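As structure tokens, the structure follows; a few thoughts come after it.
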Amino acid sequence: MIRVQGISKSFLVAKRPSGIRHAVKSLFHREYTTVEALQDISFSIAPGEIVGYIGPNGAGKSTTIKVMSGILVPDRGTCSIMGYTPWLDRVPYVQNIGVVFGQRSQLWWDVPVMDSFELLRDIYKIPPAAYRDTLTLLIDTLDLKDIIHTPVRQLSLGQRMRCEIAASLLHSPSILFLDEPTIGLDAVSKIAVRHFIKTINKEKGVTVILTTHDMNDIEALADRILLIGKGSLLYDGSVQGLRSQFGTRRTITAEYRENAHPLQIPGATLLSWTPDRAILSVDTEQIMMSEAITQLSSQVELLDVTIDTQPIEDIIVQMYKEYQL
Amino acid sequence: MTLYFKYMMLLFKSQMQYRASFLLLTLGQCLTPFTVFAGLYFMFDRFGQLQGWDFYEVALCFAVTQMAFSITECFARGFDTFSSLIVSGNFDRLLVRPRSTVVQVFGSRFEFTRIGRLFLSAVVLIWAVTNINVDWTFLKIVALFFMVASGIVIFTSIFILTASISFWTVQGLEIANIFTDGGREMTQYPLNIYQKWVRRFFTFVIPFGCVNYVPLLFILNRDGYQHPVYALTPLAGVLFLIPCLIVWRIGVRHYRSTGS
């Protein structure tokens with residue numbers, strides 16, 4: 001469905017040192033640096049997938065989304081989405097996609113949400129019957145009934161984001177691009193948004209590509225993640241795969257009957273120790289978990305043991321470090 | 001076209017949310033050209049005529065230009081303030097909608113307060129038309145209509161052209177106002193009061209002369225301009241739109257989005 005091959009994009013950025021003197025100087029003479037926003041990015045996405053697109057700020061996430069939605073023209077590479085090349089077949093292509101920019105509104109600020117929806121209906125030339133059905137569905141699932149007649153400027157961020165998502169789905173697109181859809185939302189709104197994304201993916205088979213900094217979004221939604229850093233694709237695979245590849249460390253918290261000697265287990269590092277409690281970090285590549293537990297129980301009288309896998313957030317931070325992003 | 005009216009209705013609703021601001025701005029827009037017009041009036045009151053042009057003739061010229069300009073500012077305001085769309089990155093939004101960018105930019109903004117300016121120019125136009133020393137024929141009325149209509153097209157073209165420049169410069173260029181505001185100020189007066197190079201520029205580069213000066217001479221029955229073809233010269237001005245739209249298309253291809 002989506003096939004991206006060898007996409008590269010660079011920007012020419014003017015160097016602007018701070019200070020008045022440099023500002024004046026740059027009026028006459030300017031130095032440019034080339035920033036490689038994307039370097040040889042390739043991937044393909046099948047219909048019905050939810051793909052999480054992650055990476056630190058400035059890694060090229062938004063640039064990729066913009067190339068895929070036909071806003072930017074890449075320097076090199078090809079991109080074929082549903083048989084269209086986004087930047088060449090813009091008008092017929094965008095009829096099939098929905099785009100939500102978390103930080104930018106697509107609704108008209110001073111009028112009730114409903115008016116925006118109706119204008120979008122005319123922009124996308126949605127047939128009246130289809131429009132009515134979709135609208136009812138969206139109002140029910142996103143719980144918009146009470147806010148649909150309120151001007152956008154009076155909505156809370158969470159309410160607005162629900163309307164934004166509804167607005168981008170009015171024309172029943174088969175692909176939905178979400179650029180940081182949960183940015184700035186409270187826990188309740190985040191869960192509502194996630195739940196909804198999951199629902200439309202399951203029930204309508206909408207392919208979803210989302211960028212986010214919230215790893216909970218990824219864990220709740222994405223079957224697959226793409227990690228991008230400094231313009232290159234670093235990882236493409238499942239969340240579990242990421243865990244087994246990078247998250248090999250487990251944390252053991254052990255409580256035991258008082259013991260004066262610090263624990264010593266080869267292959268594990270002691271993170272903290274008191275006479276009745278210890279936290280260990282175990283690298284499962286060096287020592288099997290069962291072996292570690294055996295060692296542990298031979299040294300102390302165990303009362304309670306909890307084993308935690310590394311949170312995905314830590315794995316990502318670790319990966320960022322590893323790739324020096 | 002129907003979409004354009006839908007946009008207009010929506011933005012009109014938005015504008016009505018701020019009623020007091022709307023009324024005051026409209027009044028202000030009415031008074032600004034009024035002061036210019038008052039200046040014109042007192043000048044003629046003092047000197048009688050300007051290089052063979054009497055007051056009502058110049059008033060007609062003034063009214064036509066002001067009318068075309070105010071209508072353009074009302075309906076093509078999206079292009080006039082286009083650089084803000086680029087700076088904020090909201091042009092991205094337009095690109096992911098399945099309609100032509102030109103229609104969407106037109107629909108992005110309307111300046112309804114220009115009604116004030118339009119009202120004043122209509123009053124001046126009627127005053128000038130009823131007092132001017134002209135035998136109104138059908139063709140002359142057509143010529144007058146074309147003057148306003150093509151004036152709108154030319155001002156719109158200039159707006160589109162200057163908007164296109166912001167694809168390269170991001171920030172809008174005040175220099176472009178030389179052609180919009182400057183063009184308006186120039187063409188309020190018959191072109192022959194200016195230097196030859198100014199006249200040439202505004203006839204052949206930006207064809208204000210075709211839409212304003214030449215048909216005015218036809219309406220006034222001046223020597224050498226009596227042939228009916230001069231009534232149709234405003235149509236030549238419409239051709240100016242074509243290169244402007246081409247530059248716009250190139251600009252859209254060149255667009256580089258901002259921010260995240």
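Order of the sequence lines fixes the chain letters, A, B, ..., with proteins taken first and strands second; residue numbering starts at 1 for each chain. Values in this document were obtained by computation on a predicted structure and should not be read as measured data.
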Heavy-atom pair count under 4.5 Å with chain A, highest-scoring of B/Arg253, B/Arg93, B/Lys6, B/Gln17: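 The answer is B/Arg93.
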Option that, when pairs with chain A are counted at under 4.5 Å, heavy atom only, ranks first among B/His254, B/Lys13, B/Arg97: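 Most heavy-atom pairs under 4.5 Å with chain A: B/Arg97.
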Atom group of [X] that falls short of 4.5 Å from chain B, counting heavy atoms:
X        : answer
A/Val152 : neither
A/Ile65  : neither
A/Val99  : both

Aromatic B/Phe69 / basic B/Arg184 pairing, under 6.0 angstrom, 45° off normal: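 Output yes; distance and angle both within limits.
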Do [X] and [Y] have side-chain N/O donor and acceptor atoms under 3.5 Å apart?
X        : Y        : value
B/Ser88  : B/Asn90  : yes
A/Asn96  : A/Ser174 : no
A/Ser232 : A/Asp40  : no

Close aromatic pair by centroid cut-off 6.0 Å: B/Phe12 and B/Phe112: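 Yes, the ring centres sit under 6.0 Å apart.
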A/Trp87/B/Tyr255 aromatic ring centres below 6.0 Å: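 No, the ring of A/Trp87 stays outside the 6.0 Å limit from the ring of B/Tyr255, centre to centre.
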Contacts of type salt bridge (charged side-chain N to carboxylate O under 4.0 Å, His left out), residue A/Arg153, not counting sequence neighbours: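 A/Arg153: salt bridge (charged side-chain N to carboxylate O under 4.0 Å, His left out) contacts with A/Asp110.
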Atom group of [X] that falls short of 4.5 Å from chain A, counting heavy atoms:
X        : result
B/Leu11  : side chain
B/Thr101 : both
B/Ser100 : backbone
B/Phe91  : neither

Contact leader toward chain B among A/Gln106, A/Lys61, A/Lys9, where contacts are heavy-atom pairs under 4.5 Å: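 Among the listed options, the one with the most contacts to chain B is A/Gln106.
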